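Accompanying notes for the structure given below.
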Amino acid sequence: DAKTTQPTSMDCAEGRAANLPCNHSTISGNEYVYWYRQIHSQGPQYIIHGLKNNETNEMASLIITEDRKSSTLILPHATLRDTAVYYCIVRVNNYGQNFVFGPGTRLSVLP
Amino acid sequence: SAVISQKPSRDICQRGTSLTIQCQVDSQVTMMFWYRQQPGQSLTLIATANQGSEATYESGFVIDKFPISRPNLTFSTLTVSNMSPEDSSIYLCSVVAQGLAGWATDTQYFGPGTRLTVL
């Protein structure tokens, strides 16, 4: 799997948009970008994934640059419950392929 | 959508003993994985639990230490054998489903984890 680079930590004010960047400059053409988050002491939670088009669901939006070398996860209105470690993973969309987790970004939503 | 549960949710064990962790899914799933998360660290894959055959272990993990069973498409166990304090971690099972309503195809979903402390 291609490696990703994320900031170690970020702060965001409650109610504001949280924009979490991820660099994946060596991503292959058949690799997707996945985002998970892990709230303290819980199992990782799937958020969203995409290949090259921007994606949106009820949790977040994923913006992937045209060259696919980087992406941004957007939480439009961050709440205190969004405080978590956010993981960006690139992976071939194959059910047999496991996910390789890096250190992620620790997002703190501040009141 | 399917639910993933793990038992026990947490345990405190003495060194030299073994603990078996169960992972139950309420729908049939294609793939099941076991991960370890040591304190303050990210997740590390232990093995892929294969239905009807021996698990596939990652480098650094061996069957004698982490025997895994997967008797059917909804259940798996991980045993942590001859435990030492270094085995204190959160152990997580994850599944990949295909064709289940409400699940993103080929996406991995995680159980709540088992927090193990070895004294």
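Here is how names work: the chains are called A, B, and so on, in the same order as the sequence lines, proteins then strands, and each is numbered from 1. Excluded from the calculations below are hydrogen atoms, water molecules and symmetry mates; all remaining heavy atoms, backbone and side chain alike, are included. Nothing here was measured: the structure is a model prediction, and the numbers come from that model.
With a threshold of 4.5 angstrom between heavy atoms, B:Gln37 approaches chain A through side-chain atoms but not through N, CA, C or O. In this structure, the portion of B:Leu45 lying under 4.5 Å from any heavy atom of chain A is its side chain and not its backbone. For A:Pro103, the part lying under 4.5 angstrom from a heavy atom of chain B is the backbone only. Interface remark: A:Gln45 contributes no atoms to any contact with chain B (heavy atom separation under 4.5 Å). A:Tyr32 does not touch chain B: none of its heavy atoms, backbone or side chain, sits under 4.5 Å away.
Sorted by first and then second residue, the side chain to side chain donor-acceptor pair (under 3.5 Å) pairs involving residues 58-70 of chain B (not counting sequence neighbours) are B:Lys65-B:Asp87, B:Ser69-B:Thr77.
Contact check for A:Leu80 versus A:Pro111: side-chain heavy atoms found under the 4.5 Å cut-off.
For the atom pair B:Phe66 CZ and B:Ile21 CD1, the distance stands at 9.0 Å (nearest 0.5 Å).
Chain B forms more heavy-atom pairs under 4.5 Å with one residue of A:Gly43, A:Pro44, A:Gly102 than with any other, namely A:Pro44.
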Set out, in order, the CA-CA distance, both residues' side-chain angles and the distance that settles side-chain contact (heavy atoms from CB on, under 4.5 Å) for A:Tyr46 and A:Phe99, then state yes or no. CA-CA 12 Å; A:Tyr46 165 77; A:Phe99 287 72; over 6 Å; no

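Side chains of A:Thr83 and A:Ser108: no donor on one and acceptor on the other come within 3.5 Å.
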